[in-house]
Amino acid sequence: MSNREHLNHLLGIKGLNEAQIQTIFETADTFKDLLNSQVKKTPALRDVTIANLFFENSTRTRVSFELAEKRLGADVVNFSSSSSSVKKGETLIDTVNNILSMKVDMVVMRHPAPGACQFLARHVNAQIVNAGDGTHEHPTQALLDAFSIREKLGDVAGKKVVIVGDILHSRVAISNIQCLQLLGADVMVCGPSTLIPRNIHTLGVRVSHNLMEAIEWCDVANMLRIQLERQDQRFFPSLREYSSLYGLTAKKLASLSKEITIMHPGPINRGVEISSDVADSHSSIILQQVENGVAIRMAVLFLLAQHKL
Amino acid sequence: MLYCNWQMKSPKLLLENKRIDLIIKRFAAQLFEQGCDPKTFAIVGLQPRGVQLARRVYHELKQLNDQFHLFGELDHTLYRDDIGRGEIHLPKPSNIPFSTEGKRILLIDDVLYTGRSVRSAIDGLMHYGRPAQVELMVLIDRRMERELPITPQYWGLVVDSKSTGEYVKVEWSDQEQMVWLLDEKR
């Protein structure tokens, strides 16, 4: 969490402490109740205007943020780089400052460059929420993942969580590792050695290259998507080989001595990192993650508006 | 009705267990005497301390007529008009397990001060339907400090303190309830 003058931002999990995360969870509990009630909307942020700046494609995160903002009664403007003056060569600061001059209070930004949100927080006069910056961080995804584990298993502390797949290119993995560790979970990463950063052990995580060993150890398996769009070279021989070694199937799960919880941050490549029957099974909490995403984002925006984070 | 008007020497005990018990019994008797219809009469306590008072009033009312069954809890945090303007508020759960449509709703809070909390509570309540009538019951009415045109129909004690720094503190546990008047918020 960094400050420019009096402003607070959510730039990453790094900088949050456990108490702040618990406050976000407790606030999200209330918002989840609200979302499941007959009254889904409140006027809490009626005098706040929020700009959603998406310089990268997104379905879930964008819709989730927009719904969270609208449920809180904020005014929302949406912006995507493909239909903007960014294509004409305008810089990020100029683009954002032009939007802010129309009296916008908060900016939710997704950007392909790692650190873009930190950069913006230093140079513009608005609260920034990081909705994913390159391979760096995706804090609200990590929060909703940990919130979903807490909901399913009662607590995050003491739970064993394995993150499987493309750790090298994953902002979800980096944010998840930090968030889960802050909450007292034991974290393992699993994948081919080419997709696991060489110094990942310095974050205090276990490393495995064997999926069966990893899922036998864990309580929760978070399956990541292979991010072909971020890969400028081949990190494994073929998708088929990756899938046979690291894809989660019902057969592999059936061979375990216990039942584990399955997560996926989406979008799912069915048949690659996870088979359809596993994604749709009762052990999977993938759709609960999406549902919790709105409550977590409402909590983050609500707390930021009160300068609580 | 009880009224207080004095030069304060802080802290001053305004109400203790016995007086509060009497006030709650009086509230229940007033409601019962009015002939409230248990089918349409509902008690809604405001989070957090209004709920504790509301539970006591509801319990006493059920002693007089066990047909009363409509009870809810309402958190007005998300309807406040001061979000982002200083004091930090975290939302608490609301639970109104009945339709408010056409009901006679009694909102209960511990202290009525500026009237802004009650304004936001009415706003929140309207999201659950269109009640036939909304009334207000409070333990303490600080009527000199009102910022909105809101008046309670039922009150326990009127405190006419004018000093802007003064603060009414309600301590409420299962064993003990006390109301203090303090020089400042602490």
Side-chain angles (χ1 to χ4, degrees), chain A residues 1 5-9 19-50 68-75 103-106 126-127 129 151 294-309, chain B residues 42 44-52 70-103 105 107 114-132 134 147-148 150 185:
Chain A
M1 206 66 48
E5 297 168 0
H6 63 285
L7 295 178
N8 299 63
H9 313 282
Q20 286 173 311
I21 295 176
Q22 295 296 358
T23 303
I24 294 172
F25 285 179
E26 282 157 25
T27 310
D29 281 335
T30 310
F31 284 126
K32 186 151 186 197
D33 286 346
L34 182 86
L35 291 171
N36 286 315
S37 75
Q38 165 189 358
V39 192
K40 294 182 176 56
K41 201 170 170 175
T42 83
L45 301 191
R46 64 194 145 205
D47 47 7
V48 175
T49 306
I50 304 175
E69 291 152 5
K70 288 182 170 168
R71 300 280 194 233
L72 286 169
D75 288 320
K103 307 298 171 205
V104 168
D105 307 289
M106 224 183 262
Q127 291 182 289
V129 181
E151 186 180 68
V294 179
I296 281 287
R297 287 171 179 123
M298 286 174 82
V300 164
L301 296 168
F302 181 73
L303 293 170
L304 277 176
Q306 296 196 76
H307 307 284
K308 173 72 179 159
L309 285 184
Chain B
V44 174
L46 299 193
Q47 288 277 24
R49 282 180 303 273
V51 170
Q52 294 163 321
L70 298 174
F71 181 82
E73 299 172 5
L74 179 67
D75 180 58
H76 58 89
T77 308
L78 299 172
Y79 303 90
R80 296 182 69 101
D81 57 10
D82 60 349
I83 289 171
R85 290 175 172 81
E87 202 176 334
I88 289 164
H89 306 278
L90 297 178
K92 292 161 209 73
S94 288
N95 180 25
I96 300 186
F98 53 86
S99 164
T100 58
E101 195 74 26
K103 300 286 191 311
I105 306 279
L107 287 178
T114 63
R116 289 180 186 270
S117 296
V118 174
R119 196 283 309 155
S120 52
I122 293 171
D123 215 6
L125 187 68
M126 292 303 168
H127 277 78
Y128 291 86
R130 184 176 184 273
V134 180
E147 293 170 7
L148 295 172
I150 284 170
K185 195 167 183 177

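Below, all heavy atoms of this structure are taken into account, side chains as well, without hydrogens, waters or symmetry copies. What you see is a predicted model; the values in this text were computed from it and never measured. Every chain is numbered from 1, with letters handed out A, B, ... down the list of sequences.
Other residues, nucleotides and ligands contribute over 12 non-hydrogen atoms within 6.0 Å of the NZ atom of A:K40.
Across all non-hydrogen atoms, the minimal contact from B:H89 to A:F302 is O-CE2, 3.5 Å. Of all heavy-atom pairs spanning A:R46 and B:R80, the tightest one is NH2-O, 2.6 Å. The two residues A:P43 and B:L78 make their nearest non-hydrogen contact at CD-O, 3.6 Å. In terms of heavy-atom proximity, A:Q306 sits nearest to B:I83 at CG-CG2, 3.8 Å.
Atom CG of A:D47 is separated from atom CZ of B:R85 by 4.5 Å, given to the nearest 0.5 angstrom.
Only the side chain of A:T23 comes within contact range of chain B, with heavy atoms under 4.5 Å apart. Both the backbone and the side chain of B:D81 come within contact range of chain A, judged by heavy atoms closer than 4.5 Å.
In this structure the side chain of B:H127 never reaches within 4.5 angstrom of the side chain of A:L34, judged on heavy atoms.
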- Message: Run the side chain to side chain contact (heavy atoms under 4.5 Å, CB included) test on B:L90 and A:L303 for me, step by step, so that the C-alpha distance in whole Å, both residues' side-chain angles and the decisive distance to 0.1 Å come before the verdict.
- Response: CA-CA 8 Å; B:L90 297 178; A:L303 293 170; 3.3 Å; yes
